[in-house]
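Order of listing sets the numbers, starting from 1, for every ligand and every atom in it. Fair warning: this is a prediction, and the values are worked out from it, not measured in the lab.
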Amino acid sequence: MPKICVFPGDGIGPEVVREALSVLRTVEEVAGGRSFETEEELLGGASYDVHGVPMTERAMGLACGADAVLLGAVGGPKWDPLPFAVRPERALLGLRKNLGLFANLRPAKVFAPLLDASPLRRELVEGIDLVVVRELTGGIYFGEPRGIRVENGVEVGINTEVYTRPEIERVARVAFELARKRGRKVTSVDKANVLEATELWRRIVTEVHDREYKDIDLSHMLVDNCAMQLIRHPKQFDVIVTTNLFGDILTDEASMITGSIGMLPSASLGGRVGLYEPIHGSAPDIAGKGVANPLATILSVALMLRYSFGMPAEAVWIEEAVEKVLADGFRTGDIYREAPGVRRVGTGEMGEQVRRAVRKQAEGAVRNIVR
Ligand code: NAD
């Protein structure tokens with residue numbers, strides 16, 4: 001039986017993971033025949049409070065031995081004063097490194113019922129369906145030399161952007177493979193006009209394309225232009241592939257376009273075990289109140305079914321169930337606007353509505369087969 005390692009984490013993490021897992025149980029029920037073993041462990045601040053470290057060896061072993069990892073969120077003001085080495089966020093870096101997760105996929109899709117939640121005009125966002133593939137384990141966040149030192153009596157801060165050929169080739173392949181399952185279009189984003197590391201990036205992405213993915217439409221864009229184009233004409237994008245630093249910034253920009261941080265899932269891939277989590281943090285300001293939006297975590301389960309377990313039909317059930325629940329007017333506080341037919345609900349009720357809609361999706365699918 002496939003095994004999922006579950007890290008609810010801190011803040012709203014346990015609240016949203018509870019709902020996501022129970023949607024997974026509903027999928028098991030209605031899919032008939034596929035079931036999953038799940039095992040939970042502490043991570044982040046919750047682990048520090050009990051064990052004195054943000055991630056124990058047991059937790060790491062559990063993640064490495066599983067077939068996929070589902071994570072809520074880690075961190076919070078309680079642990080902010082801790083030394084860097086035991087901060088909750090360190091657990092995430094450790095996980096990514098040990099699981100070899102070099103590609104972070106963040107879909108940004110606008111759900112029709114939420115068009116008005118976007119800060120952009122309706123006609124600009126209607127129909128947006130893009131994915132940013134961010135390189136996750138290289139680039140300036142890891143390059144050496146780094147640090148702050150005094151040279152000739154002057155303080156200097158140093159970081160280094162480094163990319164090797166294999167690092168670029170493997171993330172380019174992830175983007176091209178993904179494009180094959182979507183709109184067959186990749187935009188590679190760099191700053192090749194001033195940064196040599198990204199001049200290499202552009203050359204190697206082009207080589208991989210010309211050698212292995214001629215069926216994909218590849219274009220290159222400078223990062224400053226991409227930041228502008230995401231606002232000006234976001235519908236032009238299908239798959240964007242970019243470096244760690246540029247991806248960090250562009251994914252936040254892309255997520256804002258869709259309206260709410262509580263709606264967006266993510267997948268980190270590369271090794272044998274994929275990691276799935278909402279893009280939001282632990283939201284300490286609303287933790288424990290039962291008002292968090294669980295949809296990003298529920299949609300992360302859909303990504304897990306699609307990418308780790310080869311269950312695309314079941315992934316679509318969840319995604320369509322979410323769309324249906326929104327169309328029926330159910331909203332958590334973060335996406336709520338007063339309007340006729342719109343109802344404000346808490347975390348648990350939102351989860352329950354999605355479970356109901358998944359059951360209906362599955363029944364509809366069975367009826368279609370019987371016909
Ligand atoms: P955040 O994403 O936790 O919250 C930002 C704002 O969005 C808050 O107002 C919050 O209430 C709201 N929000 C976020 N998710 C929501 C949801 N599901 N439903 C409704 N509203 C939601 O970002 P932050 O406040 O900058 O960070 C809080 C903590 O989370 C920090 O300790 C940070 O380090 C950590 N963090 C962790 C991760 C992670 O685990 N991957 C990612 C980002 C931040």
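Atom 24 (P) of ligand 1 lies below 4.0 Å from none of the non-hydrogen atoms of the protein. Inside a 4.0 Å radius of atom 21 (N) of ligand 1 there is at least one protein heavy atom. Within the 4.0 angstrom cut-off, atom 5 (C) of ligand 1 has no protein heavy-atom neighbours. Shown here, atom 27 (O) of ligand 1 is out of close reach of the protein: none of its heavy atoms lies under 4.0 Å off. Closer than 4.0 Å to atom 39 (C) of ligand 1 lies at least one heavy atom of the protein.
A salt bridge links Arg58 with Glu39; the closest basic N to acidic carboxylate O contact falls under 4.0 Å. At a threshold of 4.0 Å, the pair Asp217-Lys185 does not count as salt-bridged, since none of the basic side-chain nitrogens sits closer than that to a carboxylate oxygen.
Contact atoms of ligand 1 toward Ile261: 2 (O), 7 (O), 13 (N), 14 (C) (distance under 4.0 Å to a heavy atom of the residue). Residue contact check: Gly75 has heavy atoms under 4.0 Å from atoms 32 (O) of ligand 1. Shown in contact with Ile286 at under 4.0 Å from a heavy atom are these atoms of ligand 1, numbered in order with element: 11 (O), 20 (C), 21 (N). Near Ala292, with a cut-off below 4.0 Å to any heavy atom, the atoms of ligand 1 are 19 (N). In summary, the atoms of ligand 1 found under 4.0 Å from a heavy atom of Ala73, numbered by their order in the structure, are 40 (O). Taking every heavy atom of Glu277 and a limit of under 4.0 angstrom, the matching atoms of ligand 1 come to 41 (N).
At a heavy-atom cutoff of 4.0 Å, ligand 1 is contacted by the side chain of Leu92 but not by its backbone. Contacts between Asn293 and ligand 1, counted as non-hydrogen atom pairs separated by less than 4.0 Å, involve both the backbone and the side chain. Under 4.0 Å from ligand 1, the heavy atoms of Ile12 that appear belong solely to its side chain. With a heavy-atom cut-off of 4.0 Å, Val74 touches ligand 1 through backbone and side chain alike. Proximity of Pro284 to ligand 1, defined as any heavy-atom pair under 4.0 Å, is confined to the side chain (atoms from C-beta onward).
A 4.5 Å side-chain heavy-atom check between Met60 and Asn98 finds at least one atom pair inside the cut-off.
Any N or O atom pair closer than 3.5 Å counts here, and Gly281 shares at least one such pair with ligand 1. Residue-to-ligand polar distances place Ala283 within reach of ligand 1: an N/O pair is separated by less than 3.5 Å.
Among protein heavy atoms, atom 9 (O) of ligand 1 sits closest to Asp285 OD2, 3.0 Å. Closest protein heavy atom to atom 29 (C) of ligand 1: Ser282 OG, 3.3 Å.
In this structure, Arg344 satisfies the cation-pi test against Tyr336, with its NZ or CZ atom closer than 6.0 Å to the six-membered ring centre and inside 45 degrees of the ring normal. Geometrically, Arg180 does not engage Tyr213 in a cation-pi contact, judged by NZ or CZ lying under 6.0 Å from the ring centre and within 45° of the ring axis. Phe111 carries Lys109 over the face of its six-membered ring, with the cationic atom under 6.0 Å from the centre and within 45° of the normal.
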Test side chain to side chain donor-acceptor pair (under 3.5 Å) on Asp10 and Ser282; report intermediate values, then the result. CA-CA 6 Å; Asp10 306 317; Ser282 59; 6.0 Å; no
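Side-chain contact, Thr297 with Arg18: no donor N or O sits under 3.5 Å from an acceptor N or O. Glu167 and Thr164 form a side-chain donor-acceptor contact under 3.5 Å, judged by distance and modelled atom types alone. Using modelled atom types, one finds no donor on one side chain facing an acceptor on the other under 3.5 Å when comparing Ser268 with Tyr276. Checked by atom type, the side-chain pair Ser188/Trp201 shows a donor-acceptor distance below 3.5 Å.
Tested against Tyr141 for a side chain to side chain donor-acceptor pair (under 3.5 Å), the candidates Asp248, Asn159, Asn244 yield a single pass: Asp248.
Here atom 33 (C) of ligand 1 lies nearest to Glu89 when heavy atoms of His280, Glu89, Glu15, Met263 are compared.
Within the structure, the closest approach of Gly76 to ligand 1 falls below 4.0 Å when heavy atoms are considered. Residue contacts with ligand 1 leave out Thr332, since none of its heavy atoms falls under 4.0 Å from the ligand.
Atom-to-atom distance recorded for Ile140:CD1 and Leu245:CG is 6.0 Å, nearest 0.5 angstrom.
Phe309 and Phe36 have tilted rings, their planes meeting at an angle from 30° to 60° on a 0 to 90° scale.
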